[in-house]
2 protein chains.
Amino acid sequence: MPEAARTWAGTTLDDRRAARRRLLLDTGLELLGTGSAAAVSVRAVCRHARLTERYFYENFTDRDELVLAVYDEVVTEAHRALVGAVESSGPGPRQRAEAAVRAFVALILDDPRKGRVLLLSPVTDPTLSRRGVERLPMFAALVREQLADRADEEDREMTATALVGALANVFSAYLAGTLAVSRERLTAHCVRLVLGANALHS
Amino acid sequence: MPEAARTWAGTTLDDRRAARRRLLLDTGLELLGTGSAAAVSVRAVCRHARLTERYFYENFTDRDELVLAVYDEVVTEAHRALVGAVESSGPGPRQRAEAAVRAFVALILDDPRKGRVLLLSPVTDPTLSRRGVERLPMFAALVREQLADRADEEDREMTATALVGALANVFSAYLAGTLAVSRERLTAHCVRLVLGANALHS
DNA sequence: TAAGGTTGACAACGAACGTAGTCAATTGAG
DNA sequence: CTCAATTGACTACGTTCGTTGTCAACCTTA
């Protein structure tokens, strides 16, 4: 039992453990974000990371724990990005929507793997889908907030669900290359979707 | 090599082969439509159907072939239902949309497994997602047709993608029980979604 | 240098999978 | 009754998985 952090090759044990954890998380993101959701197995992650299974179980108790940690990290980052963008935007609903959409597009263009994790993994990966993880939860939250004043409860719920699905599908198609369109048009259209949601309540 | 169809237990060989194929297809639908998309394996299907693996490979060359056959059957049925409903409806866009939505709701309420296969399996199941199977392809077709006259190509494509995603998410939430709402309100809201799509082109 | 923390390569267990094959028992046709 | 078609139970091979354990090689500190 290593009670004190002995230094090793210039770094302490905890440092190296943390570095390996980081490496495993990155590898997990790589595998989870490359479509092959079922291919993120303990062995595959270790092969990719050039680490032994031992170091996997040193940092995570389960395969589940890694998957959840990867997803959680991406969601947290996206949430921060969205909230930050909305806070530092203009006050009107149009500016808020545009800031949020723009931040999200920037995020998934900067690292499409994160986009795929956010959009696909909750449905694709058994670990995530078994726990009923939401798609685009942070978008859903923003959407619900914006719709808060109009219509009744059920209508709001349906509109929010529809809007999240619409955004998710559009982004997914964009990431998959199925939707060949410029980034600006994508952004503009998604903003229109967000703003148009309110108009649905006839 | 059985050249002629000898009768056996009152039925011919081909009849029994067909019956087994049907049984395998039904079992495949059951497993694929119960969420456990990865759990539809050759052995699992045979266990469930109380058939030996031999009869699996008598009717299908692959696990893939069964999955694709199940999906194809459900899609074909849904397509027929939708086209039929639209054809025998009133002429206006509102009546057409309402007929289509109503037919689809009836379909997935009559057998939720089919709904889940249509909505989830293309994303969930490796066999289906690997081949890039579309979600709700028949809905997408109808949608594209209805949007044909308005806006330009790219806008139509994005609107269709958004609408399909919105409908899929709403139906999925409804099937999952997440969206606690009456069947009538669900239908009405989806009709509004379809009709509202046109209004998006500002 | 000796000791012990640390690392890597790898074996091993039980399970599930796809796929193919064997073989005895059953059943209808001639 | 006899024979061949048909059926079902079963075995088998090779692969991958999650998880745990072993053991020799390393590196730092005392």
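Just the heavy atoms: all of them, side chains too, but no hydrogens, waters or symmetry mates, feed the values below. Chain A is the first sequence line, chain B the second, and so forth, proteins listed ahead of strands; every chain is numbered from 1.
At whole-Å resolution of the value, CD in A:E58 and P in C:dG5 are 15 Å apart. Atom CZ of B:R17 and atom P of D:dT7 are 10 Å apart (whole Å). For A:R50 and C:dG8, the CZ to P distance is 12 Å, given to the nearest whole Å. One can place CG of A:D64 at 14 Å from C1' of D:dT19, the figure rounded to the nearest angstrom. Spacing between atom CG of A:L24 and atom C1' of D:dG18 amounts to 15 Å, rounded to whole angstrom units.
Residues passing the side-chain contact (heavy atoms from CB on, under 4.5 Å) test with A:L51, sequence neighbours excluded: A:R20, A:L23, A:L24, A:A49, A:Y55. Qualifying ring-ring contact (aromatic ring centres under 6.0 Å, His included) partners for A:F60, counting only residues two or more places apart in sequence or in other chains: A:F56. With sequence neighbours left out, the ring-ring contact (aromatic ring centres under 6.0 Å, His included) criterion links B:Y174 to no other residue. Not counting sequence neighbours, the partners of B:D125 by the side-chain contact (heavy atoms from CB on, under 4.5 Å) test are B:L32, B:A37, B:V40, B:R63, B:V67, B:T127, B:L128.
A salt bridge links A:D26 with A:R22: the distance from a Lys NZ or Arg NE/NH1/NH2 to an Asp or Glu carboxylate oxygen falls below 4.0 Å. The pair B:R156-B:E153 counts as a salt bridge, with a side-chain nitrogen and a carboxylate oxygen less than 4.0 angstrom apart.
Test B:R96, B:R102, B:Q95 against B:E98 for side chain to side chain donor-acceptor pair (under 3.5 Å) and you get one pass: B:R102.
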I'd like to compare against my own output: the B/S/- annotation of nucleotides 13-25 of chain C with a strict under-4.0 Å heavy-atom distance to protein.
----BBB------
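When the C1' atoms of four end pairs are superposed on the next four at each end of the helix from C:dT1-D:dA30 to C:dG30-D:dC1, using five pairs per end, the two resulting axes differ in direction by 20°, to 10°.
Listed for the B:S121 side chain is no donor-acceptor partner under 3.5 Å among the backbone atoms of B:L118.
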